[in-house]
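Please read the structure below before turning to the comments.
On a predicted model such as this, the values are computed, not experimentally measured, just so you know.
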Amino acid sequence: MGLAPGGRCPSPPEAGASPGGQPPKNQNEVTMMVLPIRPLGDYWQLLQKHGLLSSDKPLPAELLSRPVHLVSCDSQAVEPGTLFIVKGAHFRGRYLAEALEKGAFVYLSDHVWEEAGAAPCLLVRDVRRAMALLADFYYDHPSGKLSVVGITGTKGKSSTTYYLKYIFDEYLSARKKRPSGVISSIDTFDGVERFESHLTTPEPLDLERHFANAVSSGLEYLTMEVSSQALKYDRMDGVDLSAAVFLNIGYDHISPIEHPDFEDYFASKLKIFAHSDLAVVNLDADEVPRVLNAAREHCSRVLTFSEQDPAAAVFGSQVRKQGHDILFRVKTPRFSREFRLTMPGLFNVQNALAAIAVCEGLGIPEQCIYVGLMKARVPGRMEVYQNANGRITAIVDYAHNRLSFEKLFLSVKEEYPGRRVVIVFGCPGKKALDRRKDLSEIAARYADLVVITEEDPGEEDVLDISREMAAHVENVGCDYSIEPDRGEAIRMAVMGSETPTVILITGKGAETRQKRGTAYIDCVSDVEYTKRYLHEYDVSHHLDGMEKVLGLLDTLPRLAESAGRTVVLKYGGSALGENGAVDSILRDVAALQMAGVHVVLVHGGGRSITGWLSRMGEETVFRDGYRVTDDTAMDVAEMVLSGQVNKQVVLALRKLGVKAAGVSGKDGGILKARCKDPALGHVGEIVSADAALIRTLLTGGYVPVISPVAAGERWESYNCNADDAACAVAEALKADKLVFLTDVDGILMDSRNAKTAISSLTASEARELLDSGLIQGGMVPKLRSCVRALENGVSKVAVLDGRIDHVMLLDAVSGQTMGTTLRRDEA
């Protein structure tokens, strides 16, 4: 956290609270910290040991014996027994007086303050270093109880941090452990607090609090970005790292208030090695001899990685694109194999190699590395969005310095050859002043249009910054526009694209705040702006899929090419609105049936069964995800599924003019089942399906609506899983298509991240994902069902996001699959 207005350190959120005072999303994350209460004398001795005291005058024994209950630099977060630290260029004496009034009994400063009156002062030579040491001491050296990986470099810190987080989380999940922590320029999660970040490496009291939260929450691993400012100004003093990663060095952060020159910047970065026994070094970076010398001076182990030097401990080669994925081969002392990144950007291979090298040093299993990198996503980093016809590709990225800009443009030119390139970006106020010239010239050299806008102007005027940048763009001879409103700047770039265009929107990523003055103001993220204006572009150009659907409802003959095909739809019994209100899915069924498509609908109704049992006073028990179904529960299930829900769906279809016939899976021997497990009662496992009755209904122009109640050998009833029933029906019919409706974006490699949705798969690719463990949770049985259906004669399977209106028609006629399509392997 940075300084709040007036120079006060911002108060830390209460344990378990998120920014803005809102409760945490997961109440289980709240854990109380229990810290040792030490006397002031212990703090005094620590400062003396490190030579930080600027006065040899002894303090009274009664003062040194007083317990320190809190160490704080925020006058608004003080309690009796506080040791208060005076820091910050904007600090005012009245803040110290306020802290003393609230209970601070001693303050630490580099000079005596008049406003403190007779209050005792710990006079020190270096407040920054003293604060770091006292913070570590107050929080009981928490980094020594964690495995903390620190990453520094001019470019790639965020991506490498998240690559490692995904890998660690995969490893921890396999051991039934909590996810790892992260402290980055994007966001922070320490097991208790989760919030969007605005400082790469927090101030010491905040940093050590995050470590302590992680320890008290039972976290084992935490990955953090380490900035040059944090290293230069001793924020990391007292922090132990399990691995210190040096990615690269470029010319950045040179300004009067950051680093006066490159040497100061570089020397600050090298200080990271003093915090770890393990160094991880990129051999492809500039200044490698100096980096290696510094690493070997401080660290007992040095692991190197490279794409150019085969002698590196971790060597990457054979980098290539396959569809949207990036494949590359890696050789380490433990293994040699191919890895896959599903996140765009060829330059990310180097970040992945850094993560692999860390895992090599920490002994993380190879399979966890592979799976973690496959799933990895970085919020706001290389997020790619397209409009409906692919004319515009918008890339949202945090790139904000010379090295990252050059890498980004080179990657775009290679991956999108011949396209017009537009970039939207700005530069921050009162920092990294050289960026204004460097980034503007790079953008002008590679882009066809530069749109200059706001990007954390702070205490500078955004127009002054923009005009300074524009002069450099103009010198190169590139077209440019200045639009201070960031949302309007993105809209301008999108709406002005009439030829195939790549739009780069850099600097802010998924951030939702702009620094204006000394405060951070809430704003819309670049990601949301991009989605909004791509949709506006499609609507204004009559390209949006929904417009096609609405037009289709009046022009059904366009579906003639689908006539005669058979589609089996698994429909949730709870999808109907109140009082049987018709939803868009049933309208799609009506449209398809009117166009000559043979539609078979298989429905569920688990929630309705639970409701009826509850009203009857019967307890519902689940075991391994299945409802324990005794005789009473089976009677209710059959009544609800074959009676209530089935007839409601039939009635809703008839209201749409569709001939629909409701049948039970028992009727005509459609579904035969056996007992799945005696402990589950009447829960059935389908053993066969007979499509004769279904074909008769289809021939008569009906839409068969089938409940998942099956018959046993003696015609006893079994309650079956509706997904399994739909698969069995589709296989018996050799259907052209089987459709599952879900409440997610399709098949996800990471159930927590919608960006990991897979748009298309072959049966063999699906089996590979299942075998490698990349698909987890409730998606596993659904994907296995999809594969089985393809193996047993179904031509195509679609897992669609049922939350989207008219998703079936969008899939059928617009070429936009809102989910995942699975096909048989090509012969």
Side-chain angles (χ1 to χ4, degrees), residues 559 562-573 575-576 580 582-583 585-605 608 637-673 684 686 688-711 717-741 785 789 792-798 802 808 812:
L559 279 172
S562 298
R565 295 180 182 175
T566 301
V567 174
V568 176
L569 168 65
K570 188 269 173 171
Y571 182 76
L576 279 174
V582 177
D583 67 4
I585 295 300
L586 294 188
R587 292 184 183 277
D588 289 359
V589 169
L592 291 168
Q593 199 252 6
M594 290 171 65
V597 179
H598 301 309
V599 183
V600 179
L601 194 152
V602 180
H603 66 81
S608 297
E638 191 160 12
M639 180 269 292
V640 169
L641 291 171
S642 300
Q644 182 186 18
V645 176
N646 189 277
K647 302 317 174 192
Q648 284 179 345
V649 175
V650 169
L651 179 61
L653 286 170
R654 286 179 177 170
K655 287 180 180 178
L656 294 170
V658 177
K659 290 173 60 179
V663 293
S664 160
K666 292 176 67 175
D667 295 335
I670 294 174
L671 297 174
K672 292 289 184 67
I686 297 173
S688 66
D690 187 335
L693 176 58
I694 301 173
R695 289 196 180 96
T696 298
L697 292 170
L698 290 172
T699 301
Y702 287 90
V703 171
V705 179
I706 304 170
S707 69
V709 177
S717 296
Y718 284 107
N719 183 15
C720 297
N721 178 276
D723 284 359
D724 293 342
C727 275
V729 168
E731 291 166 18
L733 288 167
K734 305 298 182 188
D736 297 285
K737 190 173 185 179
L738 169 62
V739 177
F740 291 103
L741 299 177
S785 296
N792 292 324
V794 178
S795 299
K796 184 165 68 173
V797 180
M808 287 188 69

What are the two closest non-hydrogen atoms of [X] and [Y], and how far apart are they?
X      : Y      : result
Ser664 : Ser707 : CA-OG, 3.4 Å
Ala726 : Leu738 : O-CD1, 3.9 Å
Leu671 : Pro708 : CD1-CA, 4.4 Å
Ser717 : Glu638 : OG-OE1, 2.9 Å
His603 : Ala722 : O-CB, 3.9 Å
Gly604 : Val645 : O-CG1, 3.6 Å

Quick one: pull up [atom1] in [X] and [atom2] in [Y] and give me the separation to the nearest 0.5 Å.
X      : Y      : atom1 : atom2 : result
Leu697 : Lys659 : CG    : NZ    : 10.0 Å
Arg587 : Lys655 : CZ    : NZ    : 11.0 Å
Ile706 : Lys570 : CD1   : NZ    : 14.0 Å
Arg654 : Leu586 : CZ    : CG    : 13.5 Å
Asp690 : Lys672 : CG    : NZ    : 8.0 Å
Met808 : Leu592 : CE    : CG    : 5.0 Å

Flag side-chain contact, heavy atom, 4.5 Å: [X] against [Y]:
X      : Y      : value
Leu569 : Asp588 : no
Val794 : Val568 : no
Val599 : Val658 : no

**Item:** Lys734 (side chain) donor-acceptor with Asn792 (main chain) under 3.5 angstrom
**Value:** yes
**Prompt:** Does Asn646 reach the main-chain N or O of Leu641 with its side chain, forming a donor-acceptor pair under 3.5 Å?
**Reply:** no
